[in-house]
Amino acid sequence: MTMDDKNKSTQIVRAGVGTDPAHKSVMPPLYLSSTYEIEGLEQRGVYEYSRTKNPTRDELADALSDLEGGIGCAVTSSGMAALTLILHQLGPEDLIFAPYDCYGRSYWLLRALAEKKHFKLKFIDCYNDAALDTAFSEHTPNMVLIESPSNPVMRIADIKSIAARANQCGAKVVCDNTFLSPILQRPFDLGADIIFHSTTKFINGHSDVVGGAVIVKDNQELLSDLHLWNNSLGTIGAPFDSYMTLRGLRTLELRVQRAQENTIKIANFLEGHPKVKKVYYPGLSSHEAHELASKQQNGPGAMLSFELKGSLSKFLSTLKLFSLAQSLGGTESLINHPASMTHVSMGADARAEAGVSDNLLRLSIGIEHIDDLLTDLDDALKAAC
């Protein structure tokens with residue numbers, strides 16, 4: 001562990017600690033008030049109305065901005081609200097590049113807004129140099145969206161290489177860092193201009209809050225515009241949700257490291273199992289972008305997908321610890337069927353192109369004891385004949 005890693009660990013644990021100006025509470029208080037008293041027209045305070053600005057939301061924003069290495073953060077009501085806020089930076093004549101295999105609801109939103117002429121859209125192959133060269137030579141994007149690892153097939157985009165191409169044409173680089181969090185990936189160091197999260201996932205980590213965040217690297221004008229739109233659209237995060245997310249954030253490193261340790265063992269187990277056709281996990285040497293992931297990330301993460309040989313229904317009904325559910329990144333282990341759940345809104349053709357087969361299952365690995373998780377999976381695989 002480097003000194004920077006040690007500093008980051010301390011920073012996460014200390015997020016918001018000792019910042020209460022009123023009563024010196026160790027943990028920051030929760031400010032639920034929707035409005036604040038104004039002393040006079042010439043004596044305006046920092047806080048007046050909680051949609052515009054709230055102390056608890058600001059604590060979370062400051063913590064996330066510091067962790068990602070940005071100058072500021074807009075906290076939103078969900079990850080999709082975060083993406084919506086970012087897309088409001090585009091006009092009808094602006095073009096955005098997006099990965100053809102991105103999260104299903106992101107795919108739907110991008111396509112729907114493009115059809116309504118909010119902006120121009122081109123889905124591209126972010127994982128192939130030749131395809132990237134062609135896309136950038138034939139088009140001049142204003143924004144490039146990167147999702148790495150991709151959801152759910154775990155493809156790895158070369159963020160630094162894509163950012164270099166984007167910089168040459170003045171395009172903003174937006175990176176969805178939800179799957180890895182600031183613990184395992186630093187997109188600003190790789191050339192990104194904007195990072196966003198579904199804080200519902202690893203940032204909060206307890207599957208009890210829905211939220212999002214947009215962090216800006218170094219453009220104050222952009223940050224001010226995001227705050228303006230967040231206020232005006234009403235996509236802001238609630239104070240209580242911000243408080244709970246900040247609380248969950250303090251154990252981020254511990255949770256991610258334990259979950260990742262479990263995931264590496266599970267990936268190796270699944271790869272060697274006769275009932276498994278293929279495992280998608282960048283921590284495996286067999287992964288097509290294993291070398292890039294090892295260079296670009298601080299670890300392979302706690303998400304993996306695999307294709308099952310056998311009966312999905314028997315496999316899923318036998319599981320006892322893995323809950324069939326939406327979402328990811330909690331302390332508990334979850335299993336998801338992307339074709340009928342997270343990516344159903346893409347449509348069959350887009351799912352096929354993205355590699356989201358009907359036998360693909362996505363696992364979000366939690367922090368339970370590894371022996372119990374392996375036993376659960378082994379029992380279910382034996383039943384899936």
Side-chain angles (χ1 to χ4, degrees), residues 149-154 178-181 183-184 200-208 248 251-287 290 293-294 297-343 355-385:
S150 68
N151 182 2
V153 191
M154 308 299 290
T178 298
F179 264 28
L180 293 178
S181 86
I183 297 298
L184 298 180
T200 310
K201 313 305 194 295
F202 286 101
I203 296 292
N204 175 61
H206 292 80
S207 299
D208 54 8
T251 59
L252 175 63
E253 184 187 34
L254 296 175
R255 290 184 284 102
V256 167
Q257 295 297 348
R258 170 63 180 262
Q260 181 175 252
E261 289 171 5
N262 284 347
T263 308
I264 292 169
K265 293 175 182 178
I266 288 171
N268 283 298
F269 165 75
L270 291 174
E271 189 173 45
H273 202 286
K275 294 287 182 69
V276 175
K277 181 180 179 181
K278 185 174 182 179
V279 179
Y280 301 90
Y281 184 60
L284 294 172
S285 59
S286 58
H287 190 281
H290 173 70
S294 299
Q297 302 170 195
N298 294 325
M303 298 294 302
L304 67 81
S305 295
F306 70 97
E307 289 183 281
L308 178 70
K309 295 179 185 177
S311 170
L312 280 175
S313 60
K314 289 182 179 178
F315 175 80
L316 293 171
S317 63
T318 305
L319 289 170
K320 293 181 174 61
L321 292 181
F322 285 84
S323 300
L324 179 63
Q326 305 278 10
S327 200
L328 56 101
T331 55
E332 75 291 348
S333 292
L334 302 176
I335 189 165
N336 178 285
H337 182 239
S340 66
M341 296 169 67
T342 54
H343 288 66
V356 183
S357 68
D358 289 342
N359 277 348
L360 183 74
L361 293 166
R362 189 192 74 187
L363 299 181
S364 172
I365 308 301
I367 63 173
E368 302 95 338
H369 196 286
I370 185 60
D371 291 348
D372 295 327
L373 294 177
L374 289 173
T375 297
D376 198 34
L377 288 169
D378 191 39
D379 289 345
L381 287 168
K382 290 174 180 176
C385 55

Apply side-chain hydrogen bond (donor to acceptor under 3.5 Å, both in side chains) to [X] and list each qualifying residue two or more places apart in sequence or on a separate chain.
X: D208; value: N204
X: R258; value: none
X: S364; value: none
X: S340; value: H337

In Å and rounded to the nearest 0.5 Å, what is the [atom1] to [atom2] distance from [X] to [Y]?
X: E261; Y: I365; atom1: CD; atom2: CD1; answer: 13.0 Å
X: L180; Y: M303; atom1: CG; atom2: CE; answer: 10.0 Å
X: F322; Y: F315; atom1: CZ; atom2: CZ; answer: 7.5 Å
X: L361; Y: I335; atom1: CG; atom2: CD1; answer: 4.5 Å

With a cut-off of 3.5 Å and sequence neighbours excluded, list every side-chain donor-acceptor pair involving residues 270-281.
{"residue": "E271", "atom": "OE2", "partner": "S286", "partner atom": "OG", "Å": "2.4"}
{"residue": "H273", "atom": "ND1", "partner": "K275", "partner atom": "N", "Å": "3.1"}
{"residue": "K275", "atom": "NZ", "partner": "L381", "partner atom": "O", "Å": "3.0"}
{"residue": "Y280", "atom": "OH", "partner": "E307", "partner atom": "OE1", "Å": "2.8"}
{"residue": "Y281", "atom": "OH", "partner": "G301", "partner atom": "O", "Å": "2.7"}

Quiz item: Between F179 and M154, does a side-chain contact (heavy atoms from CB on, under 4.5 Å) hold up when you go through it step by step?
Solution: CA-CA 10 Å; F179 264 28; M154 308 299 290; 3.7 Å; yes
What are the two closest non-hydrogen atoms of [X] and [Y], and how far apart are they?
X: H290; Y: P282; result: ND1-O, 2.8 Å
X: A259; Y: I367; result: N-CG2, 4.1 Å
X: A302; Y: T263; result: CA-OG1, 3.2 Å
X: V356; Y: P152; result: CG2-CD, 3.8 Å
X: V153; Y: G355; result: CG2-O, 3.9 Å
X: V256; Y: S181; result: CG2-OG, 4.2 Å

Does any N or O in the side chain of [X] come within less than 3.5 Å of the main-chain N or O of [Y], such that one atom is a donor and the other an acceptor?
X: R255; Y: F202; answer: yes
X: N262; Y: E368; answer: yes
X: R362; Y: L328; answer: no
X: S333; Y: G366; answer: yes

Exercise. Tell me, with the steps shown, if Q326 and N336 meet side-chain contact (heavy atoms from CB on, under 4.5 Å).
Key: CA-CA 6 Å; Q326 305 278 10; N336 178 285; 3.5 Å; yes
Partners of [X] by side-chain contact (heavy atoms from CB on, under 4.5 Å), sequence neighbours excluded?
X: T375; value: D379
X: L321; value: D372, L373, D376
X: S327; value: T200, K201

Practice problem: Please list, chain by chain and in numerical order, all residues satisfying salt bridge (charged side-chain N to carboxylate O under 4.0 Å, His left out) with D378, sequence neighbours excluded. | Solution: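 Expected list: K382.
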Quiz item: Which residues satisfy the salt bridge (charged side-chain N to carboxylate O under 4.0 Å, His left out) test with K265, sequence neighbours excluded?
Solution: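 Testing K265 for salt bridge (charged side-chain N to carboxylate O under 4.0 Å, His left out), a comparison that skips the adjacent residues, returns none.
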Note, [X] side chain near [Y] side chain (heavy atom, < 4.5 Å):
X: D358; Y: L312; result: no
X: Q297; Y: P149; result: yes
X: I266; Y: L374; result: yes

Quiz prompt | Verdict with reasoning, S305 to L363, per side-chain contact (heavy atoms from CB on, under 4.5 Å) | solution = CA-CA 6 Å; S305 295; L363 299 181; over 6 Å; no
Quiz item: What side-chain hydrogen bond (donor to acceptor under 3.5 Å, both in side chains) pairs are there with at least one residue in residues 312-325, not counting sequence neighbours?
Solution: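 Checked against side-chain hydrogen bond (donor to acceptor under 3.5 Å, both in side chains) - neighbours excluded - the pairs reaching residues 312-325 are S311-S313.
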